[in-house]
*Asks:* 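Below is a structure I'd like to ask you about.
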There are 2 protein chains.
Amino acid sequence: MTTNGRDPADCGGGGDEAGDNGAAAFEASLVADGATFDARDAALLRAVAAAGSVSGAAAELGRSRARALSRLETLEAAFGDLVQRRRGGADGGGSRLTADARALLARFDRLTAALSGTAGAAESVFEGRVADREGELAVVDADAGSVRALAVGDPEPAAGDPVQVSVGADAVTLHDPAETPPADATSARNRFTGVATAVERGDAVVRVDVDVGAGGPLRALVTVDSADRLGLAAGSDVVASFKATATRVTAVDAGGRRE
Amino acid sequence: MTTNGRDPADCGGGGDEAGDNGAAAFEASLVADGATFDARDAALLRAVAAAGSVSGAAAELGRSRARALSRLETLEAAFGDLVQRRRGGADGGGSRLTADARALLARFDRLTAALSGTAGAAESVFEGRVADREGELAVVDADAGSVRALAVGDPEPAAGDPVQVSVGADAVTLHDPAETPPADATSARNRFTGVATAVERGDAVVRVDVDVGAGGPLRALVTVDSADRLGLAAGSDVVASFKATATRVTAVDAGGRRE
DNA sequence: GTTCGTTGTGTCCATGCCGATACAACGACG
DNA sequence: CGTCGTTGTATCGGCATGGACACAACGAAC
């Protein structure tokens with residue numbers, strides 16, 4: 001699935017870098033026992049459900065019935081029975097989805113929706129160096145201050161390494177500065193005081209850029225209702241917070257070997 | 001990239017449904033002008049940076065040098081100059097990455113890390129019906145109460161439709177019940193009072209299941225530090241919250257046509 | 001028993017992608 | 001000028017994937 005860097009509910013554009021380096025996209029899949037269930041398979045299952053037969057589904061999709069049946073067999077070897085098939089014509093034959101198939105489709109839809117949200121979310125990028133490592137957690141010294149972030153994956157940055165910390169706008173929570181809870185009372189450990197510089201209202205969501213003293217703005221996505229309750233406008237003082245678990249650290253050394 | 005439903009920093013397993021329906025996976029890519037930059041392209045650029053030449057990079061990767069050069073030309077037509085090449089041998093020839101290439105790689109790495117986090121995060125699924133729509137926002141009546149969630153994508157559920165609301169554990173914030181901020185003071189609008197039923201400590205993160213009165217637990221991922229500050233243990237009363245913008249709504253009618 | 005339209009199985013063919021190979025040109029170095 | 005190892009360009013062959021087609025078997029409905 002391709003997004004244009006703009007989830008319908010999100011603000012424009014992917015990365016922060018100068019120049020146009022394309023829209024974020026992904027292909028979602030579920031993998032089991034060497035078989036990969038992808039969007040094409042999901043379309044086949046949906047068509048089977050709608051048409052009531054593999055034959056009708058293949059025709060609807062412009063696909064080979066023989067290949068469709070073969071593909072179903074491969075998927076069923078890995079994921080269990082997906083399509084209950086009965087031979088016979090007129091009203092005697094046909095196919096219907098099993099409960100497992102519906103569950104698989106629902107899970108695939110949720111995965112796709114979640115990945116679409118992630119790919120389409122405006123990201124904020126903190127650049128800095130790793131000051132400390134605690135297991136998967138890294139403390140990164142950035143221009144805006146210290147950022148606690150998850151450093152998982154390969155290669156794992158070590159202390160001193162230059163890194164980028166990325167957080168999606170949908171993971172950033174905004175607070176009224178006068179009523180921000182004490183640090184002990186919540187698990188959202190990264191918090192920055194700043195000024196809202198851009199407040200862009202959509203149908204149901206508001207895109208906010210918060211100047212937190214770093215090179216680029218920290219971007220947040222909040223509902224219209226939340227923005228109203230916070231009295232958000234350009235120039236408003238706000239406190240922006242996000243959980244360390246909602247961030248990701250990546251090394252910036254392009255030459256590093258990734259296996 | 002395939003995950004086993006278990007981000008190194010996250011708790012076990014993907015969906016909530018019974019039965020094993022595989023690990024969430026994805027292929028990340030960046031798309032511009034009809035060209036798609038994917039993991040294989042990223043590997044090529046990294047190898048070029050490491051080897052200092054397209055020739056050496058192709059050999060290192062077991063790939064055709066002719067194809068590699070052709071692929072670079074295709075990518076450069078869409079993304080701009082990526083590799084500065086100079087003919088000549090011994091010390092006269094070779095290739096190096098441009099600044100645009102490094103920026104592209106960094107963005108691809110952040111996208112991959114973010115998608116990996118999403119794919120690997122333990123999800124909580126609320127099942128219910130759409131009570132109200134406000135643009136991209138849906139209010140869903142679920143067992144645990146009313147949930148405000150983003151309903152983007154196709155098809156968009158309408159009022160009355162049965163849906164699932166999915167939220168990743170990395171987006172769920174836990175609060176001390178005694179010090180939870182008033183609803184007006186924060187943009188995290190979904191909040192549920194519950195009891196921590198499972199607290200599983202990892203190196204740097206803690207996986208918490210919170211019983212909020214729905215069928216399944218609401219899962220949260222917090223840092224060890226945050227868990228300590230909250231005094232988290234099985235049996236603790238907590239307040240769990242997440243932003244509407246961090247959720248996604250999907251229709252559950254498997255037969256629905258998706259175009 | 002016949003009809004209808006399905007499933008099940010097997011085979012053939014086309015297409016796209018990628019690795020391999022070859023030749024020419026280049027340019028720093030000795 | 002020769003060497004070395006790179007880039008640039010062109011072509012060939014193999015492999016995997018997927019559509020097409022054919023035939024047999026099936027089973028509800030009439």
Side-chain angles (χ1 to χ4, degrees), chain A residues 27 29 31 34-78 80-98 101 255, chain B residues 25 27 29 31 34-78 80-98 100-101 255:
Chain A
E27 296 286 336
S29 58
V31 179
T36 299
F37 180 91
D38 59 18
R40 196 174 145 87
D41 298 320
L44 177 59
L45 287 189
R46 274 189 267 278
V48 168
S53 72
V54 176
S55 177
E60 181 75 20
L61 296 174
R63 283 168 67 171
S64 164
R65 182 182 63 80
R67 291 284 170 221
L69 279 167
S70 175
R71 182 66 186 154
L72 286 175
E73 284 192 5
T74 299
L75 291 174
E76 287 179 325
D81 285 343
L82 300 176
V83 176
Q84 184 185 29
R85 303 189 275 290
R86 195 173 64 245
R87 287 171 132 176
D91 292 324
S95 302
R96 66 179 61 184
L97 298 192
T98 63
Chain B
E27 296 285 335
S29 59
V31 179
T36 300
F37 181 91
D38 60 19
R40 195 174 146 89
D41 298 320
L44 177 58
L45 288 189
R46 274 190 268 278
V48 169
S53 71
V54 176
S55 178
E60 182 75 20
L61 294 173
R63 285 170 66 170
S64 164
R65 182 181 64 80
R67 293 284 169 218
L69 279 166
S70 175
R71 182 67 188 153
L72 286 175
E73 283 191 6
T74 300
L75 291 173
E76 285 179 327
D81 286 344
L82 299 176
V83 177
Q84 185 186 28
R85 302 188 277 290
R86 197 174 63 248
R87 288 171 132 177
D91 292 325
S95 303
R96 66 179 60 185
L97 297 190
T98 62
D100 280 349

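Residue numbers start from 1 in every chain, and the chains themselves are labelled A, B, ... in the order their sequence lines are given, proteins ahead of strands. Hydrogens, waters and symmetry mates are skipped; everything else that's a heavy atom, side chains included, is used. These figures come from a predicted structure and were not determined experimentally.
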*Asks:* Could you report the tightest heavy-atom contact between A/T36 and A/S29, atom names first, then the distance?
*Replies:* CG2-CB, 3.5 Å

*Asks:* What distance separates B/L97 CG from B/D81 CG, expressed to the nearest 0.5 Å?
*Replies:*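 With rounding to 0.5 Å, CG (B/L97) is 12.0 Å from CG (B/D81).
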
*Asks:* Taking N and O atoms by type only, does the side chain of B/R65 place a donor or acceptor under 3.5 Å from a partner on the base of D/dG8?
*Replies:* yes

*Asks:* Please determine whether a side-chain nitrogen or oxygen atom of A/S64 lies at a distance below 4.0 Å from atom OP1 or OP2 of D/dG19.
*Replies:*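 No, because none of the side-chain N or O atoms of A/S64 sits under 4.0 Å from OP1 or OP2 of D/dG19.
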
*Asks:* For B/R87 and C/dA24, what is the distance between atoms CZ and P respectively, to the nearest whole Å?
*Replies:* 13 Å

*Asks:* So which heavy atom on B/A68 is nearest to which on B/A58, and how close?
*Replies:* CB-CB, 4.5 Å

*Asks:* Among C/dA20, C/dG8, C/dC12, which nucleotide has an atom closest to any side-chain atom of A/R67?
*Replies:* C/dC12

*Asks:* If you take all heavy atoms of B/G94 and B/S53, which pair is closest and at what distance?
*Replies:*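 B/G94 and B/S53 have their closest heavy atoms at CA-CB, 4.2 Å.
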
*Asks:* Output the distance between atom CG (A/L44) and atom CG (A/L75), rounded to the nearest 0.5 Å.
*Replies:*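 The distance works out to 8.0 Å.
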
*Asks:* Just how far, in rounded Å, is C1' of D/dC21 from CG of A/L69?
*Replies:* 15 Å

*Asks:* Consider the side chain of B/V54, meaning its heavy atoms from C-beta on, and name the nucleotide among C/dT9, D/dT7, C/dT7 that approaches it most closely.
*Replies:* D/dT7

*Asks:* Base, sugar-phosphate, or nothing for A/E73, non-hydrogen atoms under 4.0 angstrom?
*Replies:*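 Result for A/E73 = sugar-phosphate.
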
*Asks:* Can you tell me the distance, in whole Å, between the CZ atom of B/R71 and the C1' atom of C/dG19?
*Replies:*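 That distance rounds to 16 Å.
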
*Asks:* What is the distance, rounded to the nearest whole Å, between atom CG of A/L82 and atom P of C/dT7?
*Replies:* 15 Å

*Asks:* What's the closest nucleotide to the B/A66 side chain, out of D/dT7, C/dT9, D/dA10?
*Replies:* D/dA10

*Asks:* Using a heavy-atom cut-off of 4.0 Å across all strands, would you classify B/S95 as base, sugar-phosphate, or nothing?
*Replies:* sugar-phosphate

*Asks:* Round to the nearest Å and state the distance from A/L61 atom CG to D/dG18 atom C1'.
*Replies:*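 About 14 Å, once rounded to whole Å.
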
*Asks:* Can you give me the closest heavy-atom contact between A/V54 and A/S95, atom names plus distance?
*Replies:* CG2-OG, 3.5 Å

*Asks:* How close or far is atom C1' of C/dT9 from atom CZ of A/R85, stated in whole angstroms?
*Replies:* 13 Å

*Asks:* Quick check for you: among D/dT6, C/dT6, D/dG19, whose closest atom lies nearest to any side-chain atom of A/S53?
*Replies:*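 Of D/dT6, C/dT6, D/dG19, C/dT6 is nearest to the side chain of A/S53.
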
*Asks:* Looking across every strand, which nucleic acid part, if any, lies under 4.0 Å from B/R40 by heavy atom: base, sugar-phosphate, or nothing?
*Replies:* sugar-phosphate

*Asks:* Using nucleotides 28-30 of chain D, report all nitrogen or oxygen pairs with the protein that are shorter than 3.5 Å.
*Replies:*
none

*Asks:* Atom CG of B/L72 and atom C1' of D/dT9: how far apart are they, to the nearest Å?
*Replies:*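 About 15 Å, once rounded to whole Å.
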
*Asks:* Mind jotting down which residue pairs meet the salt bridge (charged side-chain N to carboxylate O under 4.0 Å, His left out) criterion with at least one end in residues 65-77 of chain A? Sequence neighbours excluded, please.
*Replies:* A/D41-A/R71, A/E76-A/R85

*Asks:* In this structure, how many angstroms lie between the C1' atom of D/dT17 and the CG atom of A/D41, rounded?
*Replies:*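 Answer to the nearest Å: 13 Å.
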
